[in-house]
J.: 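Sending over a structure as structure tokens; questions will come in a sec.
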Amino acid sequence: MELDETARPIARRDVLQLLGLGAGSALLPAGQAYAQARGATLVLGIDISDTITLDPVRQAQYTAPMTLAATYDPLVTLTPGDYIEPKPALATAWTRTPDGKGWRFTLREGVKFASGAPVTAEDVQFTFERLIRMKEQTQQYVKAIDRCEIVDVKTIDLVMNDPASPLLNILCAPSFGITEKKLAMQHGGSMAADAKETDRATEWLNQNSAGTGPYRLVRWERNQQIQLVRNPHHWRGAPAYERVVIRHFSDSAAQLLAIRRGDIQAAFNLIPEQIATLKDEPQVRAERLPSLDFVYMAITQNPEFNRALAQKACRQAIGHAIDFDGIVNSMLGGAALRPAHFLPIGVNGSTETVAREVGFRQDLDKARQLLQQGGFAEGFEFEIAYGNAAVAGVSYQLLAQKIQADLGRVGIRAKLAPMDQVNLRTSFTTGRAQGGVLTFWNPPAVENELWAAAVVERVARRVHWTVPPEMTDLVKRAAQETDKAKAAALWVEWQRAMVDQANHIILFQPIYQIAVRNAVKEFSLTAAGWQVEIGQAKPA
């Protein structure tokens, strides 16, 4: 079935095909077949144009974790509303190894993969060894893990090269869901030393899952849909819905129409004005939750790309020219916060007070002074690249146009460069972005070190910033400080330094506003990085 971006209402024959009811459904009265199909299926509407892989090891995008959290289980997890203390998942207990150099996990008894095969220590070892040797971005999150060792059939050790580094919260990410070794290897998976070059499992994993999650992936069509079916073997019990369909909508107006008609049960990308129009809809409600995500603009300082951006004062001028309050209040209807830098408000060391004291704020006179200080008193021109997508109910296109208008007030001329999400990511991650890039960050897990290390280790390279050793050391000291008050002070110091560097300008931290039909009784949102616990959704 082809699903176009105009999000037309689903015809009955399309529903039957989508749900796999086929010709046999013709034996049922039309209304009965349709009702059975709709009641057994949860249909979500969201812009999934940034989903470019469903291989847990390779994913590094905004929407993919939602699917991965529904199809894979990690050793430990974070439950909605508690982002501090990891809870048992495939591991029931964990403790430091006897030598203190790692973590020992006891695996849950009786767990099966969606295939029906039992979970063993070999599967856990395969998962982590493949991840380590593939050397993708996910490996950087757990770079402190040196190897995974099997103690016995139900016990594994994660041996660390830096035992003091934080780990448990990071392991809650869907990227670290346990993969079935035998199934993955049958389709080209490898945990060999040369896995980065020889692993061939991604193509298969993009259309099938090999996890223990409440659902199993059966189909993905990029920019169209993702289909999941119930895993009857799930250790928490089979989920309430037989199927889940995640439909791609690039247009929020189409999502609004679909949620009103009942073609979808949840709409993720509605703008505040659209959410407000639903207040009198008796069959639709708005679920809200402060996120830990943020949208930002990365700015290169490579003089070969742009001489002005190589000057810190010119980058700072951009930060002081942007109308942040207008973005939050007018474009997002106040449904957002704005942290100072790569630590969302709500984690240790990041508060609204800190953001006001440390972060950029619009000051056009100061922006003009900085331009003069940087040698570009008359302003300059640079490119802003962004994906053809929406985030937190606003399109990157509208956001870019707003920033373009703001910068124009001080003589900075922004050229807008929309592009496909895949091309945008490739350009950004390989350091080829010529100016600014509008993009997002959502946490794989709630751990300050993840956000900060991302800046000084990966994102810095993308903007051609050579990070001084004292900045890397500051991140390490803050991450390993056990006194929370002292750690908070170090994180404030780090944010102040990053704002001064002005390579990453945080635009907003959204408050999720998801429209949900009342036919769905339970729809648990989470700020831990995957937006919603699909496996916990239940019909009324």
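Here the structure is a predicted model, which is why all the values come from computation and not from measurement.
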J.: State whether the side chain of Asn448 and the backbone N or O of Asn348 hold a donor-acceptor pair below 3.5 Å, judged by distance alone.
T.: yes
J.: So how far is it from Cys148 SG to Ile156 CD1, rounded to the nearest 0.5 Å?
T.: 4.0 Å
J.: Look only at the side chain of Tyr72 and the backbone of Ala70, and say whether a donor-acceptor pair between them is shorter than 3.5 Å.
T.: no
J.: Cut-off 3.5 Å, side chains only: do Asn223 and Ser49 have a donor facing an acceptor?
T.: no
J.: Counting only N and O atoms by type, is there a donor-acceptor contact under 3.5 Å from the side chain of Thr426 to the main-chain atoms of Val422?
T.: yes
J.: Does any N or O in the side chain of Ser350 come within less than 3.5 Å of the main-chain N or O of Leu343, such that one atom is a donor and the other an acceptor?
T.: yes
J.: To the nearest 0.5 angstrom, please state how far the CE atom of Met331 sits from the NZ atom of Lys402.
T.: 8.0 Å
J.: Just checking, is any N or O donor in the side chain of Ser165 or Glu449 under 3.5 Å from an acceptor N or O on the other one?
T.: no
J.: Taking the side chain as every heavy atom from C-beta outward, state whether Phe113 and Asn231 have any pair of such atoms under 4.5 Å apart.
T.: no
J.: Using a cut-off of 6.0 Å, state whether more than 12 heavy atoms not belonging to Lys521 lie near its atom NZ.
T.: no
J.: Between Glu221 and Arg219, is a salt bridge (charged side-chain N to carboxylate O under 4.0 Å, His left out) present by the stated rule, with each step listed?
T.: CA-CA 7 Å; Glu221 296 173 273; Arg219 189 178 187 184; 3.3 Å; yes
J.: Does Glu180 reach the main-chain N or O of Val119 with its side chain, forming a donor-acceptor pair under 3.5 Å?
T.: no
J.: Between Glu85 and Asn169, does the side-chain contact (heavy atoms from CB on, under 4.5 Å) criterion hold? Intermediate values first, please.
T.: CA-CA 8 Å; Glu85 296 296 333; Asn169 277 30; over 6 Å; no
J.: Say whether Gln531 and Thr526, considering side chains only, have a donor N or O and an acceptor N or O under 3.5 Å apart.
T.: no
J.: When you check the gap from the basic side-chain N to the acidic O, do Asp82 and Lys87 get nearer than 4.0 Å?
T.: yes
J.: If I compare all heavy atoms of Ala336 with all of Val328, which pair ends up nearest, and what's the gap?
T.: O-CG1, 3.6 Å
J.: Please determine whether the number of non-hydrogen atoms from other residues, nucleotides or ligands lying under 6.0 Å from atom CD of Glu203 exceeds 12.
T.: no
J.: ring-ring contact (aromatic ring centres under 6.0 Å, His included) between Trp494 and His341: does it pass, once the steps are laid out?
T.: CA-CA 9 Å; Trp494 178 80; His341 209 265; 5.6 Å; yes
J.: Are more than 12 heavy atoms, taken from residues, nucleotides or ligands other than Lys538, located less than 6.0 Å from that residue's NZ atom?
T.: no
J.: Is the shortest side-chain heavy-atom distance between Gln265 and Val516 below 4.5 Å?
T.: no
J.: Are Arg338 and Gln509 close enough that some pair of their side-chain heavy atoms sits under 4.5 Å apart?
T.: no
J.: Answer with yes or no whether the side chains of Asn208 and His187 bring together a donor and an acceptor at under 3.5 Å.
T.: no
J.: Measuring from atom CZ of Phe440 to atom CG of Leu507, what distance do you get when rounded to the nearest 0.5 angstrom?
T.: 14.0 Å
J.: Name all residues meeting the side-chain contact (heavy atoms from CB on, under 4.5 Å) criterion together with Pro239; count only those two or more places apart in sequence or in a different chain, and write none if there are none.
T.: Pro214, Tyr215, Arg230
J.: Please find the pair of heavy atoms, one from Ala479 and one from Trp491, that lie closest to each other, and give the distance.
T.: N-CZ2, 3.7 Å
J.: What's the verdict on side-chain contact (heavy atoms from CB on, under 4.5 Å) for Tyr62 and Ile48, showing C-alpha distance, side-chain angles and the deciding distance?
T.: CA-CA 8 Å; Tyr62 186 75; Ile48 55 170; over 6 Å; no
J.: For Cys172 and Pro86, which heavy atoms make the closest approach, and how far apart are they?
T.: SG-CB, 4.1 Å
J.: Can you tell me if Thr127 uses its side chain to pair, donor with acceptor, with the backbone of Thr179 under 3.5 Å?
T.: yes
J.: Report yes if some heavy atom in the side chain of Met66 is under 4.5 Å from a heavy atom in the side chain of Leu44; otherwise report no.
T.: yes
J.: Report the C-alpha distance between Val124 and Lys181 in whole Å, list the side-chain angles of each, state the deciding distance to 0.1 Å, and finish with yes or no for side-chain contact (heavy atoms from CB on, under 4.5 Å).
T.: CA-CA 8 Å; Val124 180; Lys181 177 181 179 180; over 6 Å; no
J.: Return yes when atom NZ of Lys112 has more than 12 non-hydrogen atoms of other residues, nucleotides or ligands closer than 6.0 Å, and no otherwise.
T.: no
J.: Is there a donor-acceptor contact under 3.5 Å linking the side chains of Asp47 and Ser250?
T.: no
J.: Quick check: closest heavy atoms across Thr53 and Trp220, and the distance to 0.1 Å?
T.: N-CH2, 3.7 Å
J.: Assess the side chains of Thr92 and Thr106: does a donor N or O sit below 3.5 Å from an acceptor N or O?
T.: no
J.: Between the side chain of Gln207 and the main-chain N/O of Trp204, is any donor-acceptor distance below 3.5 Å?
T.: no
J.: Hey, could you give me the CG/CZ distance between Leu525 and Arg288, rounded to the nearest 0.5 Å?
T.: 11.0 Å
J.: Rounded to the nearest 0.5 Å, what's the gap from CD1 on Ile345 to CG on Leu337? Could you check?
T.: 5.0 Å
J.: When you measure from the side chain of Gln397 to the backbone of Pro418, do you find a donor-acceptor pair of N or O atoms at a distance under 3.5 Å?
T.: no
J.: Within the structure provided, determine whether Phe342 and Phe294 are in side-chain contact (heavy-atom separation under 4.5 Å).
T.: yes
J.: So which heavy atom on Ile275 is nearest to which on Gln513, and how close?
T.: CD1-O, 3.8 Å
J.: Any side-chain heavy atom of Leu167 sitting closer than 4.5 Å to one from Val142?
T.: yes
J.: List the steps and the verdict of side-chain contact (heavy atoms from CB on, under 4.5 Å) for Phe268 and Tyr512.
T.: CA-CA 8 Å; Phe268 283 75; Tyr512 293 145; over 6 Å; no
J.: Are the charged groups of Asp50 and Arg222 less than 4.0 angstrom apart, N to O?
T.: no
J.: With no hydrogens and no angle check, just 3.5 Å: does a side-chain donor-acceptor pair link Gln283 and Arg517?
T.: no
J.: For residues Ser252 and Leu270, report the shortest heavy-atom separation together with the two atoms involved.
T.: O-CD2, 3.4 Å
J.: How about Arg458: does its CZ atom have over 12 heavy atoms from other parts shown lying under 6.0 Å from it?
T.: yes
J.: So if I apply the side chain to side chain donor-acceptor pair (under 3.5 Å) rule between Asp55 and each of Asn206, Thr138, Thr202, which one comes out positive?
T.: Thr202
J.: Examine distances only and state if a side-chain atom of Asn329 and a backbone atom of Asp325 form a donor-acceptor pair shorter than 3.5 Å.
T.: yes
J.: Just wondering, do Asp73 and Trp235 contact through their side chains at under 4.5 Å, heavy atoms?
T.: yes
J.: Find the distance between CH2 (Trp451) and CH2 (Trp441) and round it off to the nearest 0.5 Å.
T.: 9.0 Å
J.: With a 3.5 Å cut-off and no angle check, do the side chains of Arg260 and Thr277 form a donor-acceptor pair?
T.: yes
J.: Could you check whether any side-chain heavy atom of Ile246 comes within less than 4.5 Å of a side-chain heavy atom of Gln225, counting everything from C-beta outward?
T.: no
J.: Would you say Gln255 and Asn269 are linked by a side-chain donor-acceptor pair, where the criterion is simply a distance under 3.5 Å?
T.: yes
